[in-house]
Amino acid sequence: MHANFVLQRAIEVTPQDGLDFIVDEIQKHAVYVCLHRYASRSVQRLLERCVASQLEVLVGHIVRNIDRLASHPFGSNVLRHLLRHGGAWELRNILVSMTDNVAELALDRCGSLVLEKCVQVATTGPYAQAVGQERDGLMRALLREGGCGSGGSMLQRIALDRYGNYVAQRVVECSRGGEVALVEKQLGHLEADLRKSATGRHILSCMRRHLGVRRGRSFQAVGGA
């Protein structure tokens, strides 16, 4: 437990070109380390400090295990850190994997946090233009009609979920172009249900702030439904 704090500090103060021996040891057990309560923090420090060439093998292990890491309490932290500090290649791979499993991960305590970061970074991050195709694919999956298996949309399902509602708020904040009308329409149908809970009211407030919906105006009317 305490040794991990020493290792983290060593990573922070060691010159970048002197970190290779730490990377070499960690990448031998990459997945185990990423899933460990304490050791995963050292991986996060390496993602902050090292250049891409130093982390090629370690990041390769992470990318090949996105499905396993995304729903794990410590592995998901590593993925979010990689989204923040990685490049276009890393972001692209995470987006594709998360899109393939969006229905499950959006309702997962840890997976929903990774999805939130995916939507934000892919829309406003430094590599947003480079991953535009993957970003649009993720948004289509989140806005897909019939995505909940009961005639509604994926967004409608996650908006009423204890974890998914935070993903829904990020979708509202990051929607653009034709996505805006879909968001307004789909969430407009849920207005009555959203008003019944604190999390639902957060979504309605988010819509007012980011989509310019005036207080008291029907979301169904705004969405054209």
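Source: prediction; values computed, not measured.
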Do the side chains of [Y] and [X] get nearer than 4.5 Å, heavy atoms only?
X	Y	value
Val43	Ile62	yes
Val121	Arg84	no
Asn77	Ser40	no
Glu179	Asp136	yes
Arg41	Phe5	yes
Arg49	His85	no
Val33	Ser42	no

Does [Y] offer a backbone N or O that forms a donor-acceptor pair with the side chain of [X] under 3.5 Å?
X	Y	answer
Ser97	Asn93	no
Glu90	Leu83	no
Glu104	Asn101	no
Ser175	Val172	yes
Ser112	Arg109	yes
Gln156	His189	no
Arg92	Ala130	yes

Would you check, one step at a time, whether the test side chain to side chain contact (heavy atoms under 4.5 Å, CB included) holds for Leu194 with Leu160? CA-CA 7 Å; Leu194 292 172; Leu160 298 175; 3.9 Å; yes
Between [X] and [Y], is there shared hydrophobic-cluster membership here, with clusters defined by ILVMFWY side-chain heavy atoms closer than 4.5 Å?
X	Y	result
Leu69	Tyr32	yes
Tyr166	Met207	no
Leu19	Val59	yes
Leu113	Leu35	no
Val167	Leu190	yes

Polar side chain donor-acceptor pair, Ser205 to Arg201, under 3.5 angstrom: no
What's the verdict on side chain to side chain contact (heavy atoms under 4.5 Å, CB included) for Cys206 and Glu173, showing C-alpha distance, side-chain angles and the deciding distance? CA-CA 7 Å; Cys206 186; Glu173 293 170 358; 3.6 Å; yes
Residue Gln133 excluded, over 12 heavy atoms near CD under 6.0 Å: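 12 or below, so no.
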With sequence neighbours excluded, what pairs up with Val13 under the side-chain contact (heavy atoms from CB on, under 4.5 Å) test? Arg9
Pairing residues for Leu107 by the side-chain contact (heavy atoms from CB on, under 4.5 Å) criterion, not counting sequence neighbours: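 Once residues adjacent in sequence are excluded, the partners of Leu107 under the side-chain contact (heavy atoms from CB on, under 4.5 Å) criterion are Arg157, Ile158, Asp161.
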Residues Met139, Val119; criterion side chain to side chain contact (heavy atoms under 4.5 Å, CB included); working and verdict: CA-CA 8 Å; Met139 292 295 281; Val119 173; 4.2 Å; yes
Side chain to side chain contact (heavy atoms under 4.5 Å, CB included) between Thr99 and Leu138, worked out: CA-CA 5 Å; Thr99 299; Leu138 175 59; 3.4 Å; yes
Considering all heavy atoms of both residues, which atom of [X] and which atom of [Y] are nearest to each other, and what is their separation?
X	Y	result
Leu211	Glu184	CD1-CG, 3.7 Å
Ser71	Leu105	CB-CD2, 4.3 Å
Ala168	Ala159	CB-CA, 4.0 Å
Leu47	Val78	CD1-O, 3.9 Å
Gly111	Met98	O-CE, 3.7 Å
Tyr38	Asn4	O-OD1, 3.5 Å

Sequence neighbours left out, what pairs pass salt bridge (charged side-chain N to carboxylate O under 4.0 Å, His left out) with at least one residue falling in residues 50-67? none
In a check of side chain to side chain donor-acceptor pair (under 3.5 Å) between Thr123 and each of Arg135, Arg170, Arg176, which one passes?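 For Thr123, the side chain to side chain donor-acceptor pair (under 3.5 Å) check succeeds only for Arg135.
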Within this structure, what is the NZ-NE2 distance for the pair Lys28 and His61, rounded to the nearest 0.5 Å? 11.5 Å
Between CG on residue Leu95 and OH on residue Tyr127, distance to nearest 0.5 Å: 14.0 Å
